[in-house]
Structure formats: C-alpha cells, structure tokens
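Proteins come first, then strands; the chains are lettered A, B, ... in the order of their sequence lines, and each starts at number 1. Predicted model only: the values in this text are computed from it and were never measured.
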Amino acid sequence: MTRTTFDYIPNQIEGKWQERWVQAKLFEAEFDTKRPKKYVLAMFPYPSGRIHMGHVRNYSIGDVMARFFRMRGYNVLHPMGWDAFGLPAENAAIQNKVHPKKWTDENIVTMKGQINRLGVCYDWRREVATCDPEYYRWEQLMFLKLLKEGLAYREKRQLNWCASCETVLANEEVVDGLCWRCDNPVVLKEMDQWFLKITKYAEELLQDIDKLNQWPDRVRIMQRNWIGKSEGAEIDFQTESKEAIRVYTTRPDTLFGATAIILAPEHKLVEKLVSEASKKEVKAFIENVKAMDRIERASETTEKLGLPIGADAFHPLTGEKIPIWIANFVLTDYGTGALMAVPAHDTRDHAFARKYKLPIKTVVQKSKTGEEETELPFIEDGYSVNSGEISGLATAEAKKKIIAILESNKVGFAKTNYRLRDWGISRQRYWGAPIPIIHCPKDGLVEVPEKDLPVRLPENVEFKGKGGSPLSQHSDFINVKCPKCGGPAKREPDTMATFVESSWYYSWFCSVNHPEDRALNRTECDQWLPIDHYIGGVEHATGHLLYFRFFQKLMADWGWVSEREPSKQLICQGMVYKDGAKMSKSKGNVVDSDELVARLGADTARLFVLFAGPIEKDLEWSDQGVEGCFRFLGRVYRLVMNSIQELQGVKLDEPVVNDEAKKLRHLIHKTVQNVTSDIEKDFHYNTAISFMMELVNSLYLIDLSKSPSDVRSLFKKAIGDLTLMLSPFAPHMSDELWEATGNKGFTLDCAWPVFDSTFAKASEREIVFQVNGKIKVKVICPDGTPDKELENMALANSKIKELLAGKPPKRVIVVSGKLVNVVVG
RNA sequence: GCCGGGAUGGUGGAAUUGGUAGACGCGCCGGACUCAAAAUCCGGUGCCGCAAGGCGUGAGGGUUCAAGUCCCUCUCCCGGCACCA
C-alpha cells in the first residue's frame, strides 16, 4: 500500500474550516431545557498585546472540554471576553502617546485573531470588553447599591507615592523601594480611598469553601488561611486614665499569665497614658518605627523592639498592676491593636519577655497533676494552674469558663477575628471605571443619580505621567454641579480596581442580548450558572477567586442571581516554561502562537500543550516535542487518507469471525473506553492522547489489501471513532478527515463514540508467577481463569518447580487475573 | 518559621484499592525506500553483564507474601503566607 501520496498541510485545512464554522454559527449557544448544561470558562485575558503560550494552553484546555461535552450531548456555554481596563494601557499612553482605548482596542483585535486561528470554539456574540460603558455602568450601579447598604465606605490609608512623578504607584510598580519609572524613592502617603466590606461576608466565604469540593485543595487552603478566622476574646484592662485598653487574645485562658500589655505604636491611648518621664523616649521610638518602610516593619526577621511607656494597667480579675509597653511588632489593624503578653505560653511573647526581663508566669501545664515537666514556652493545650477559678480545667473548658466570668464582670466577651481585610478599590488612574461619586463642599459625598449612569471616561485626556491621575486634571470631568444642591462640586477622580470588573463578568456572558434596565437577566443567569469548569492560573487564589465569590454572594443577596457560589469546579493549569524559565520577552524565550500556527498548524499547537503533561502541572516547552505532535497528526492524516480507496464500499457491520478482527475490536473498544474515561476523570488529556497514539500505531500494522472483510469493516470503524475522538483536540483535521471519508457536517455535531464493555475487556491476560515476590515466569491465560487453576499452573510450572527444589510452598497467594506468588521458607 | 506540592530512564511523562515500574512522546541506535538526502515506514532502546542473572522510582529505616504507592526519619526543589496576639 502506498503511504506517501498525501501530505498533511495544516495551512490548507485550518483556515477553511474556521470559516465554515463561523458561517454555520457552529459555536453559538442557546439555552435549551432538553439537554443538561455545561458552562466552561477560561479566565478572560488582559489585552496586553499578543497571546502567549500560557493563553494557548488555558484556552486549549477549555476548548477540549467544551467540545467533548458538546459531543457527549451537553448544551455548552463557552464564552470569552476582555479584562480591558488596567495599568499597562495607561503606561503605553504615557510612553508611546497612544490613547489607552486605542491601544486596548487594537490589542483586542490582534488577540482575538490569534485565538480564532487556534480554532477555539467561542460564542463571540457574548464577548465583552470591560471598558465598554454599557458594561461598567452596571458596576457603577453596584457601587451605589453597596454604598447605600454600608458595604462601600471611605477611609484613609497609606499608599505608595512617587514624589517625582507625583503619582500613586501600585505595589508591583515599586521595585526595591524605588519607583519603577524614575528610580526615585517611594514614600507612603495617606489618602482617602474607597473600600468594599468583603469582611461582612468573611464567615460565609469561609463556610462555603467546604462546598467547593471540586476546587484544588491548595486553593481552598490558601483561601481559608487568607480569611484567617480565629476565635478568642476581647478583654478590657483598666488604666489610670478613664479609658481601658481593650486587647484581643485567642487564649483568654492564659489571662492570669499576662505580665505586660503591649500596644501598637500608633495606638490612640499611647499619648494619653504615657508618663511625663517617658514622653521623650516614647516619641523617639514611635518616630523610629514610622520611618521604617512597610515591608521592613512587617518582616518577621526585623528585630522586635519594645519600650515601656511608664504607665500600668490593671488585671481585670486580680487588679494586679501590669506594665504597659509599645512594640514595633504589634499591628494597628488586627484585633484591637493591643495585646496582653503571656510569655509562658506564646513563643514571641516568651522571646520578648526574656529580652526585656519581663516576668514569666506559668498558668498552663502539660498534665493535670503537673508531674510531667512543662517546658516553656508551652503553647499547646493543657490544664490551667495558678488561674483562680479556672485552675485545673482543660484549656477548652478554661476558655469557656473565663469568658463567662469576664462577661459577668462586664470586662470582656467572646470575639471572632478574621485576617481578611476590606477590599480597597480606589485607583488613582485614568483607565478604569469611574467611581460614581461627587464631592460637594456643602453636601459632602453625593451619589451620582442612577439616571446619569454611566459616568463615562472622557476621551480627550493628556497622559503626562505626572501630577496625579489624568482625570483629576481634567476640568470638564472634574467640575460638576452637585446633584443635590446644584452648587459647584467636584467629581471623584479615582477609578475602580480592575478586579471589580473581573468579579462579575462570567454572569454577563449568560446573555446574548442584555436588558436595558438591569445589569443581568436573572432567568438566563440561573440557567447557566454556576460555571461548571473554571480554568485559570493559581496566582488568583486569594485575589480574583475570592472577589468573584464575594460578588456572587452580593448579587444573590440582591436577587440578581440564585446561586451563591460562582463556580463548581476550578482547574488551575500550570505555567509554560522554556529553558527552565517562564516565557518572557526580556528572557527572549517566547514562542509566538501565530508563528507556530503558521509553521505547524493550530492542531499541533493545541495537541502539544495538552500532551506534554497533565494540565495542572507546569509544562516545559520542547520544540522537538511539538514536532512529535505534528508527526502524529500527519500519521493520522495519512492513515485515513490512504485507506479511503481500500475502504470504498466496506460496510461497518460485518460479523466478526477472525481472531485478528476480534483483537482489533477489543483494541477499538478499549481505546474509546480509556480516552473517554481519561477525559471525564479530571481531564487527563495527556494519557487520553497517548491511547489514541497506540491505536494509530496498531492500525498502521494492518495491511488492508490482505485483510479479511471483518478486519476491513472494523478498520473503517476505527478511523471513524478515531476521527471523532480526536475532534476536541485537533478539530480542523478531524473535520477535514470526516468530510474526506464521506461524512457530512461537522464532527462537533456528532455523538461521541461509544464502547461495549464486553469487547473492551481483554480476552487473555498475562499472569505472573512469582517466588517470594520476585517475578520468575509470565504466561498467557484466558480471562476469567479460576484462581485454583492459576495456582495449579504455577505449581506445575517447570521453572517454578526447579526454583522450589522440592521444598513445599509455605503459602500461595493468587491475585485474580494478575499473579501467583509462591512463598517458600 | 508555618502551610501546601514535588523528586520515577538520556529526556517530557505513564502506572485503579499495595499486585508485571518505565505506557505514549522526544532523543538515540539499526533496517527498508532513495543515486543521495529529507520525508516516510519497520524494529530496538532503564542500568550492569557475553550470558545466566543481578540492580533499579531523592536518601535511610520499617510494615507486608508483595511497596513508586502505606508508616517513621532525613535531604533537596517549587509555590503560598509571612510578627495575626
């Protein structure tokens, strides 16, 4: 049989099918109640310029899912859009004098073209770019709703400020404490900012993590830690001034072991309580701490410094005097900004007490009777001692009881704390959604009336990179009339963080046509949500992936949607590396999607990123590996094309009589079974592909011209099933082969191949005979050979007999269909 | 420091509940085709050994008839958090 007549030339195949798919509106999804739904979503990209291999991998993973589920009979929603606001566009504007909108729009056109050349099956009717006023107007409405509900508020916070550029910098723009653009030192500047009260949902966000059993454990753990729930108590320590110091502790049972009260240097009471004698020293200490930059101060390795302020507090239960200190490691914004130091039962307090010679008082011991020595610091649970009424109680009991005592004395109460902070959304930037607020000298903060939404970004703006955000310098935008009093007022110059846009885009995709009077169409959202499979990088674990859960809960509370969790399953794909480093322009190890597609085709590109390893693991790029995938597709193409002539008129349902045919039938059914289960079971694409390769390798060994009719019939079935199974991975070539083998339509509209488990089961098995666990003999037996028979065969085997040398076996272990292990002494 | 995840041939990676380690791909070696090369097709390929055989899943112990898989100790690598009272 001649096998080199057909060349696999992807360029002649792929563009043609991409056009046909669009013409046929093949990827447009409409909800229908007759079929089960699947919402497959890959995290939408920032339109940075061109897509990179990480995108290719991300979208290929989703595309195979979408196509597979569709062939399996699901109604699949598979949309895509653009996270279009953000800093790089503005930097491009400053550096290259391009308007951010123009820059963004052009990038979207480029990237959309690149994605389409990969043949990804998106329903582009649902596309959204978040910089579209029709999108962000609803976000502005959400902000106003949050404000009304007290879930959006304004507060002073420190920001990175470059005095030279006169601008606020994002954390990632501060490189080693210097401005990334001008290399001048970055300072902290206190400014008013808007916050969203995500902490109100801390408990629900935490509780619901338990429901996300199809999310990777590491992400669930990261979110749990990020929310950081801790249970304890707040306790008041009276002072000589009128005001008590309130501390937070997770170990109220160690109250009797407190030998110092330590305040954050910024604590409000420091000034009131400081003794005349210590004033100067304390002031210097505070100045010193403030001079330290944030990163340095937050570092655990920074030396722990403290200073007594010359005043005492009184133990709430014993009245004992306890010195008040300030220390650099006490945080203002956690708990109450004050703590009781219990040196005997806290590692850090212990070190602090030893350094400054504070008394160390043991109030918890290891064993109830105290016969076992308690090594300090003893931070585990134990039994209270020297603790008045709670002495003798186990830690858990002691906690409960001491809280009851504190509550009855009105000096303390149980308290739950979270490490989760409210979400700061103000950005002193142009390229973002304006915050719909007006500052009126008379009426204060005034909401922009809903009828005036959206607050549009002005287009005629200058980008100098100096003097603050361009919006704050844009007088037409800034100077407005107060909606309340009509007097002169100023518009809020800040825009919203782009994480706000990406917190709800997935629900926008549920509609093709959007209602004019509401953000979302609830019916359509309820039809499609939650996302069934959400695919993206793990770097969003405690950012986007927390924010979008928060927004889903908000939207559910507003009655916009029913579901309280946005995504059932999360898949975090690994990163793409080359030469041991992340692909980046600066390292010069970038592989361009378009170039690859032009040279070897989209199908090869897709196949490689899926075959090179499991989707959740990092992937090392290999040009030779890519070639291998191209070779495989070429092999498939030639196999099918070369068989068309031979298979003319061959029927699919010939009775199977020959052994060779039976073997082939088994192989086909086994392959369908394995490919199907590998895709279904956690999307093991790499092994699914390898099973198809094995099938192809076997088919190549069959010489059709010499084969009986049952083999020819099965061969025809094999290439049909193969074409369909390959369709999600290499859709262009599959459609081409499907047509070439005399079929009509698209493989995506075909049903996924099915297998018969009786044929998928092997008729023969290789049985291993072991002596003391070492493999000695391998024999082929019919499937289902009884254990007893296998045992007899092993014992009768000449080789085994020889090894036993007449000794009687001590034990014989038979594992059905697998092995016989003969144990001798 | 704490919390996760890893370590398998020359290489990317496979291995249901403990039951034939190394599927599939790459690379390499050989063969066919060709004047020749490329492409293609076929075969071989964990290590040591001529062979019989032995040794092999980061290191060392253990449990078991049987361990990549379970338990203990350790080394190294990657990721997250980083004084959270």
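Taking atom CD of residue A:Gln223 and atom C1' of nucleotide B:G4, one finds them 14 Å apart after rounding to whole Å. Computed from coordinates, the A:Glu539 CD to B:G80 P distance equals 10 Å when rounded to whole Å. Distance CZ (A:Arg631) to C1' (B:A38): 12 Å, rounded to an integer number of Å. To the nearest angstrom, P of B:C26 lies 12 Å from CG of A:Leu633. The interatomic distance linking A:Ile326 (CD1) with B:A85 (P) rounds to 22 Å, in whole Å. If you measure from atom CZ of A:Phe608 to atom C1' of B:G13, you get 11 Å, rounded to the nearest angstrom. Here B:C81 presents its C1' atom at 19 Å from OH of A:Tyr418, a figure rounded to the nearest Å. When the P atom of B:C65 is taken as reference, atom NZ of A:Lys810 falls 9 Å away, rounded to whole Å.
For A:Thr249, the listed nucleotide lying nearest its side chain is B:A85; candidates were B:A85, B:A21, B:C42. Distances were taken from every side-chain heavy atom of A:Asn686 (C-beta onward) to each of B:A14, B:C83, B:C24; the shortest belongs to B:A14. Residue A:Pro614 places its side chain closer to B:A14 than to any other of B:A14, B:C41, B:C65. Taking the side chain of A:Leu701 as heavy atoms from C-beta on, and the options B:C65, B:C42, B:C26, the nearest nucleotide is B:C42. Nearest to the side chain of A:Ile813, among B:C24, B:G19, B:C83, sits B:G19. Distance from the side chain of A:Lys799 is smallest for B:G53 among the nucleotides B:G53, B:U17, B:C41. The side chain of A:Tyr700 approaches B:C42 more closely than any other nucleotide in the set B:G25, B:G19, B:C42. Of the candidates B:A23, B:C24, B:C83, the closest approach to any side-chain atom of A:Thr687 belongs to B:A23. In the set B:C24, B:C81, B:C65, the nucleotide with an atom closest to the side chain of A:Asn697 is B:C24. With B:C84, B:C65, B:C41 as the candidates, the nucleotide lying closest to the side chain of A:Asn821 is B:C65.
By the side chain to side chain donor-acceptor pair (under 3.5 Å) test, A:Arg157 is found to be paired with A:Glu155, residues two or more places apart in sequence or in another chain being considered.
Comparing the same atom, C1', in B:G46 and in B:G62 gives a spacing of 27 Å after rounding to whole Å. Nucleotides B:C29 and B:C47 are separated by 15 Å at their P atoms, to the nearest Å. Only the C1' atoms considered, B:C65 is 40 Å distant from B:G27, to the nearest whole Å. Distance noted for atom C1' between B:C24 and B:U45: 15 Å (whole Å). Going from the P atom of B:G12 to that of B:G5 covers 22 Å, rounded to whole Å. The C1' atoms of B:A36 and B:G43 are separated by 23 Å, rounded to the nearest whole Å. When the C1' atom is used for both B:G13 and B:A7, the distance is 13 Å, rounded to whole Å. Distance noted for atom C1' between B:G25 and B:A67: 28 Å (whole Å).
Contact annotation: A:Arg638 reaches the phosphate of B:C41 (side-chain N/O to OP1 or OP2, under 4.0 Å). Residue A:Arg218 places no side-chain N or O under 4.0 Å from the OP1 or OP2 atom of B:C81. Distances shorter than 4.0 Å separate none of the side-chain N or O atoms of A:Ser622 from OP1 or OP2 on B:G25. An OP1 or OP2 oxygen of B:C41 is reached within less than 4.0 angstrom by a side-chain nitrogen or oxygen of A:Arg635.
Within 4.0 Å of A:Leu819, counting heavy atoms only, lies at least one base atom of the nucleic acid. Nucleic acid contact for A:Ser230: sugar-phosphate only, since backbone atoms but no base atoms lie under 4.0 Å from a heavy atom of the residue. Across all strands shown, A:Gln624 has heavy atoms under 4.0 Å from sugar-phosphate atoms exclusively, and none from any base. Here A:Asp333 lies out of heavy-atom contact (under 4.0 Å) with every strand. Among the heavy atoms of the strands lying under 4.0 Å from A:Gln770 is at least one base atom, whether or not backbone atoms are also near. When heavy atoms are screened at a 4.0 angstrom cut-off, A:Gly335 is found touching no nucleic acid atom at all.
With respect to A:Phe608, the ring pair (Phe, Tyr, Trp, His ring centres under 6.0 Å) criterion is satisfied by exactly one of A:Tyr685, A:Phe630, A:Trp621: A:Trp621.
Of all non-hydrogen atoms in A:Lys355 and A:Glu303, the two that sit nearest each other are NZ-OE2, 2.7 Å.
Taking the six-membered ring for Trp, A:Tyr547 and A:His540 have ring centres at least 6.0 Å apart. Annotation: A:Tyr356 is in aromatic contact with A:Trp325 [ring centroid separation under 6.0 Å].
Remark: the A:Asn417 side chain and the A:Ser230 side chain contain no N/O donor-acceptor pair separated by less than 3.5 Å. Side-chain contact annotation: A:Asp422 with A:Thr199, donor-acceptor N/O pair under 3.5 Å present. A:Ser384 and A:Asp253 form no side-chain donor-acceptor contact under 3.5 Å, judged by distance and modelled atom types alone.
Residues A:Phe729 and A:Ile679 are in side-chain contact: their nearest non-hydrogen atoms beyond the backbone lie under 4.5 Å apart.
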Pairs under 3.5 angstrom only: tabulate donor-acceptor contacts from the side chains of residues 818-825 of chain A to other protein residues two or more places apart or in another chain.
from: A:Asn821; atom 1: OD1; to: A:Asn772; atom 2: N; distance (Å): 3.4
from: A:Asn821; atom 1: OD1; to: A:Gly773; atom 2: N; distance (Å): 2.9

Point to revise | Secondary-structure string, 5' to 3', Watson-Crick or G-U under 3.5 Å, | for another-strand partners, for RNA chain B | key: (((((((..(((......[....)))((((((.......))))))(((....)))..(((((..]....))))))))))))....

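The number of heavy-atom neighbours closer than 6.0 Å to NZ of A:Lys361, taken from other residues, nucleotides and ligands shown, is above 12.
Judged by closest nucleotide on RNA chain B, A:Asp678 is the one of A:Asp678 and A:Val768 placed further toward the 5' end. The residue among A:Met693 and A:Arg765 whose nearest nucleotide of RNA chain B lies closer to the 5′ end is A:Arg765.
Annotated as anti: B:G79, whose O4'-C1'-N torsion sits more than 90° from 0.
In terms of polar N and O atoms assigned as donor or acceptor, the side chain of A:Arg348 comes within less than 3.5 Å of the base of B:A85 in a complementary pairing.
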